[in-house]
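Index from 1, following the sequence. Small disclaimer: the values here were computed from a predicted structure and weren't measured.
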Amino acid sequence: MSLAQSFVALFSNIDMVSICLWITGFILFCIEFFQPMHGVAYALGVSLIGAAFCTRMVYGSAGEAFVFVLLTSVLLFAVHCVSLVTQRRDWLKVARMEKAGERSRKYSGLIDSIGIANTPIDLTGNATINDVNLVVYSFTPIMSGEKVKITKITQDKIIVERVDEDN
């Protein structure tokens, strides 16, 4: 059986269960690839693609299963290429660290600035400082409406402390 005949056989004899499993699995895989969700969609997607492969092995021939795997591999490689071209994924997380460094340089002028906590800050919260709404971190709980001061800026956090009214 030639490759062209295998493609025709793959799509002419395929059942709806295999199609639904494969399409759903591929979509979940792509969703996880472009919008990470802690591996949940990867696991479900790969499981569904594997189940679709198993149904092809049960109801089809080995040649059809090979073409199925080949087609899936080519499509997953295409998704990977699209991801690299659009740079939606930070491979090796180098770009993410550079962005964090830019963030710390951007906000370094705000150190010692005073603002107001918009939400209760219990490790993380929201504060307005110099008319800028920021996600901030604190090691001590701060109530909403209290004054806060930026004490430190790291690559990924803006750390604040409560400002005593006495000062």
Side-chain angles (χ1 to χ4, degrees), residues 1-107 117-128 132-142 144 152-160:
M1 184 180 282
S2 72
L3 188 60
Q5 291 172 334
S6 293
F7 272 108
V8 170
L10 175 68
F11 293 111
S12 64
N13 296 335
I14 199 164
D15 57 342
M16 287 304 291
V17 172
S18 295
I19 291 173
C20 291
L21 288 172
W22 186 80
I23 290 174
T24 306
F26 189 75
I27 289 171
L28 286 171
F29 185 90
C30 290
I31 288 171
E32 178 75 36
F33 205 77
F34 289 102
Q35 186 63 43
M37 295 184 288
H38 307 292
V40 174
Y42 268 141
L44 289 173
V46 169
S47 299
L48 291 175
I49 290 172
F53 173 73
C54 290
T55 60
R56 285 310 308 144
M57 286 297 293
V58 169
Y59 298 113
S61 68
E64 292 173 14
F66 172 76
V67 172
F68 177 83
V69 169
L70 180 69
L71 177 65
T72 303
S73 300
V74 167
L75 288 174
L76 292 178
F77 180 73
V79 168
H80 177 72
C81 289
V82 167
S83 172
L84 288 177
V85 168
T86 60
Q87 297 178 353
R88 296 283 302 182
R89 190 102 168 153
D90 292 329
W91 296 103
L92 302 176
K93 298 187 181 182
V94 172
R96 193 173 285 168
M97 291 305 290
E98 289 175 2
K99 286 181 183 177
E102 290 173 18
R103 189 177 314 123
S104 66
R105 286 187 296 276
K106 178 180 177 182
Y107 293 115
N118 297 331
T119 63
I121 303 171
D122 190 12
L123 284 183
T124 185
N126 193 314
T128 300
V132 178
N133 196 11
L134 301 169
V135 174
V136 295
Y137 297 84
S138 175
F139 299 110
T140 58
I142 300 172
S144 179
K152 183 177 179 183
I153 296 181
T154 64
Q155 288 187 342
D156 60 342
K157 294 181 179 99
I158 299 172
I159 300 171
V160 297

| note | By side chain to side chain contact (heavy atoms under 4.5 Å, CB included), Ser144 pairs with (sequence neighbours left out) Pro120

| With sequence neighbours left out, what residues match Thr124 under side chain to side chain contact (heavy atoms under 4.5 Å, CB included)? | Val135, Tyr137

| request: Taking all heavy atoms of Asn133 and all of Ala127, pick out the closest pair and write down the distance. | output: OD1-O, 3.4 Å

| Roughly how far, to the nearest 0.5 Å, is the OH atom of Tyr42 from the CG atom of Leu28? | 12.0 Å

| field | Test log, rule side-chain contact (heavy atoms from CB on, under 4.5 Å), inputs Phe29 and Leu48 | value | CA-CA 10 Å; Phe29 185 90; Leu48 291 175; over 6 Å; no

| query | Residues two or more places apart in sequence or in another chain: which of them pass side chain to side chain donor-acceptor pair (under 3.5 Å) with Ser18? | reply | Asp15, Thr55

| task | Please identify each residue that fulfils ring pair (Phe, Tyr, Trp, His ring centres under 6.0 Å) with Phe26, with sequence neighbours left out. | result | Trp22

| Value rounded to 0.5 Å, distance of CG in Leu44 from CD1 in Ile49 | 11.0 Å

| message | To the closest 0.5 Å, what do you measure between CD1 (Ile27) and CD1 (Ile23)? | response | 6.5 Å

| Looking at residues at least two apart in the chain, or sitting in another chain, which of them share a side chain to side chain donor-acceptor pair (under 3.5 Å) with Thr24? | none

| field | Partner set under side chain to side chain donor-acceptor pair (under 3.5 Å) for Asp122, not counting sequence neighbours | value | none

| How far does CD1 of Ile153 sit from CD1 of Ile159, to the nearest 0.5 angstrom? | 9.0 Å

| said: Any heavy-atom pair between the side chains of Phe53 and Leu21 that's under 4.5 Å? | reply: no

